[in-house]
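For reference, the structure is listed below as structure tokens.
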Number of protein chains: 2
Amino acid sequence: MPATDHDASAKHAILETAQRLFAEEGFEKVSLRMLTQEAGVNLAAVNYHFGSKEGLIDAVVGAYVNEVNAGRLEALSNAEAKAGSKPLAVETILDCFMQPALDAVRRSPLTEKLFFRLMGRCMNDDRGLRGMPEAAIKGFQDVLTEFPRALQAALPQLQRNEILLRLHFTVGVMIHALMNTDVLQCLTGEDDLGALTRDQLLAQMKVYGAHGFTGPPLPLTPTP
Amino acid sequence: MPATDHDASAKHAILETAQRLFAEEGFEKVSLRMLTQEAGVNLAAVNYHFGSKEGLIDAVVGAYVNEVNAGRLEALSNAEAKAGSKPLAVETILDCFMQPALDAVRRSPLTEKLFFRLMGRCMNDDRGLRGMPEAAIKGFQDVLTEFPRALQAALPQLQRNEILLRLHFTVGVMIHALMNTDVLQCLTGEDDLGALTRDQLLAQMKVYGAHGFTGPPLPLTPTP
DNA sequence: GTCTATAAAGTGATAGAC
DNA sequence: GTCTATCACTTTATAGAC
């Protein structure tokens with residue numbers, strides 16, 4: 001921690017408030033005036049510390065994306081080391097893929113509901129990879145290499161095409177479930193005691209996804 | 001068609017352009033200036049014909065939502081009539097749920113890719129049901145009654161909770177797949193000939209969803 | 001029904017004092 | 001590093017002429 005207490009406190013306040021507001025409203029709808037006022041810092045502070053609004057978004061998204069993708073790769077690597085030469089079960093692979101995204105809530109200052117909304121927004125392809133640091137892009141490429149490889153080993157009857165497509169479907173399940181936990185709790189928990197826990201949601205997504213993956217092949221390209 | 005050629009032509013031009021721009025950019029990002037300029041009508045025409053920008057969005061979304069939900073209910077009703085007293089197969093029920101959303105492209109002036117993006121945005125819960133006409137709300141409620149009922153009959157081992165949750169997951173699959181067909185074609189079709197057709201996408205989503213649904217129960221509430 | 005002109009408020013970004 | 005003041009621009013919506 002360099003210099004005075006004030007050095008990083010504004011930057012920190014901006015980051016914390018940004019996470020919450022981005023989760024609640026989405027990146028576009030949050031104005032710098034709204035954000036700085038709520039964070040108790042000056043309007044110009046965002047541009048000073050992050051260069052622009054885009055820079056702030058990239059900082060928030062990049063931190064989560066990096067952490068989650070690193071966690072995914074590490075989990076997969078550990079699982080494969082433990083399994084030796086045997087291919088992993090699909091459900092194990094999906095656990096490595098999903099768990100880190102949900103567990104990142106522990107390092108987040110947000111409530112679980114808000115964190116899930118932010119994570120869902122981060123996983124949405126809509127903003128692409130614009131402005132992401134190189135490390136984040138690398139992590140993304142690694143995930144899109146390692147997980148299809150592991151899945152192909154577990155499901156040799158599927159074409160690579162189908163593996164990628166079903167992984168894409170699985171991402172859709174995660175985004176939609178994370179973005180709408182309030183709907184989920186409304187649908188699944190009749191009363192307050194019935195609220196869906198993080199572990200329950202994870203288990204349900206894993207079962208649904210793993211069984212979806214093991215559906216019969218439907219070749220997308222003619223087998224020669 | 002009442003009165004002169006000019007009566008509905010502006011309204012019609014606005015609707016067609018709105019569909020395309022909403023699909024490309026999202027509801028929020030499209031400004032009335034952009035829209036009216038591209039449609040070749042006056043800036044004030046949107047407020048005259050639709051009351052406000054919100055009114056225009058509701059008109060575009062409502063038309064698709066109505067058509068799709070009506071199609072879903074009709075397809076399910078037909079399938080049940082044909083099956084007699086036997087419960088439907090899960091894949092048949094999902095066909096009734098998914099097919100109408102993809103088939104609506106036939107009554108759309110958009111290209112398939114743009115139509116899918118618009119449909120994905122319409123299916124997103126983010127804007128809620130604000131401003132939807134009563135008929136649309138009714139259709140929504142009916143879908144959320146009839147489909148869980150049919151699925152429960154097909155999958156008696158699942159709790160109602162789980163049925164709703166897995167249907168929610170299935171919606172996530174559809175939204176994400178429809179919103180990102182370009183990614184899909186990039187992932188699945190190596191060359192231009194390999195591009196994913198509408199029928200292929202539907203078949204893949206059906207297999208993935210149907211097998212996800214038939215995964216083992218994971219009771220969310222303790223069975224008494 | 002269509003148009004111009006404009007109101008009223010919001011946006012991101014920045015220069016320059018402290 | 002923080003602040004004020006402001007620029008340059010955009011947004012939706014509307015009043016009133018034709």
Side-chain angles (χ1 to χ4, degrees), chain A residues 1-62 118 121 126-128 130-132, chain B residues 1-62 118 121 126-128 130-132:
Chain A
M1 296 108 183
T4 80
D5 265 8
H6 279 282
D7 278 351
S9 74
K11 192 169 181 175
H12 190 253
I14 290 170
L15 277 172
E16 288 229 351
T17 308
Q19 290 177 54
R20 184 169 54 79
L21 292 183
F22 288 161
E24 285 168 347
E25 316 264 3
F27 303 111
E28 319 276 353
K29 276 178 119 171
V30 176
S31 73
L32 295 185
R33 281 174 170 75
M34 198 192 306
L35 171 55
T36 52
Q37 188 173 356
E38 202 132 339
V41 303
N42 189 272
L43 170 61
V46 170
N47 284 293
Y48 177 80
H49 286 289
F50 299 94
S52 66
K53 182 183 176 182
E54 272 291 312
L56 172 59
I57 297 174
D58 290 342
V60 170
V61 176
L118 182 57
R121 293 190 201 277
D126 225 18
R127 21 184 335 98
R130 294 171 297 187
M132 287 292 107
Chain B
M1 299 104 182
T4 79
D5 266 8
H6 278 282
D7 278 350
S9 74
K11 193 169 180 175
H12 190 256
I14 290 170
L15 276 172
E16 288 228 349
T17 308
Q19 290 178 53
R20 183 170 54 78
L21 292 183
F22 287 161
E24 285 169 347
E25 317 263 3
F27 302 111
E28 320 275 353
K29 277 178 121 170
V30 175
S31 73
L32 295 185
R33 281 178 164 70
M34 200 194 301
L35 172 56
T36 51
Q37 188 173 357
E38 201 132 339
V41 303
N42 189 271
L43 171 61
V46 170
N47 284 291
Y48 177 80
H49 286 289
F50 298 94
S52 67
K53 182 184 176 182
E54 272 290 313
L56 172 59
I57 297 174
D58 290 341
V60 170
V61 176
L118 182 57
R121 293 190 201 278
D126 225 19
R127 21 185 332 100
R130 297 172 295 189
M132 287 291 108

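Protein chains get the first letters and strands the later ones, always in sequence-line order, with residue 1 at the start of each. For clarity, every value in this text was computed on a predicted model and none was experimentally measured.
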Quiz item: Just wondering, are more than 12 heavy atoms of other shown residues or ligands nearer than 6.0 Å to CD in A:Glu24?
Solution: yes
Exercise. Using only heavy-atom distances, decide whether a donor-acceptor pair under 3.5 angstrom links the side-chain of A:Arg33 to the base of C:dG10.
Key: no
Quiz prompt | Separation of atom CG in B:Leu35 from atom P in D:dT11, rounded to whole Å | solution = 11 Å
Self-check item: Integer-rounded Å distance: D:dT10 C1' and B:Leu32 CG
Solution: 12 Å
Self-check item: Residues touching DNA chain C, which here means a heavy atom under 4.0 Å, drawn from residues 13-31 of chain A
Solution: A:Val30, A:Ser31
Practice problem: May I have the distance from A:His12 (atom NE2) to D:dT2 (atom P), rounded to whole angstrom? | Solution: 14 Å
Quiz item: With a 4.5 Å heavy-atom cut-off, do B:Val60 and B:Leu118 have their side chains touching?
Solution: yes
Quiz item: Does A:Arg33 use its side chain to pair, donor to acceptor, with the backbone of A:Leu43 at less than 3.5 Å?
Solution: no
Self-check item: Partner residues of B:Glu16 under the side-chain hydrogen bond (donor to acceptor under 3.5 Å, both in side chains) criterion, sequence neighbours left out
Solution: none
Self-check item: Rounded distance in Å - CZ (B:Phe50) to C1' (D:dT14)
Solution: 18 Å
Quiz item: Do B:Val41 and B:Thr17 touch side chain to side chain, with heavy atoms closer than 4.5 Å?
Solution: no
Self-check item: Gap between atoms CG and C1', on B:Leu56 and D:dA13 respectively (whole Å)
Solution: 14 Å
Quiz prompt | Interatomic distance, B:Arg20 atom CZ to B:Glu38 atom CD [nearest 0.5 angstrom] | solution = 4.5 Å
Quiz prompt | Rounded distance in Å - NZ (A:Lys53) to C1' (C:dT11) | solution = 9 Å
Practice problem: Identify, residue by residue, the members of residues 40-48 of chain A with a heavy atom below 4.0 Å from DNA chain D, and return them in order of residue number, or none. | Solution: A:Asn42, A:Ala44, A:Tyr48
Practice problem: Would you name the heavy atoms of A:Leu35 and A:Leu21 that are closest together and state the gap between them? | Solution: CA-CD1, 3.8 Å
Quiz item: Within a strict 4.5 Å, meaning less than it, do heavy atoms of the B:Phe27 and B:Val61 side chains meet?
Solution: yes
Practice problem: Starting at atom NZ of A:Lys11, determine the distance to atom P of D:dT2, rounded to an integer number of angstrom. | Solution: 11 Å
Exercise. Answer yes or no for B:Lys11 and B:Phe50: cation-pi contact, defined as NZ/CZ to six-membered ring centre under 6.0 Å and angle to ring axis within 45°.
Key: yes
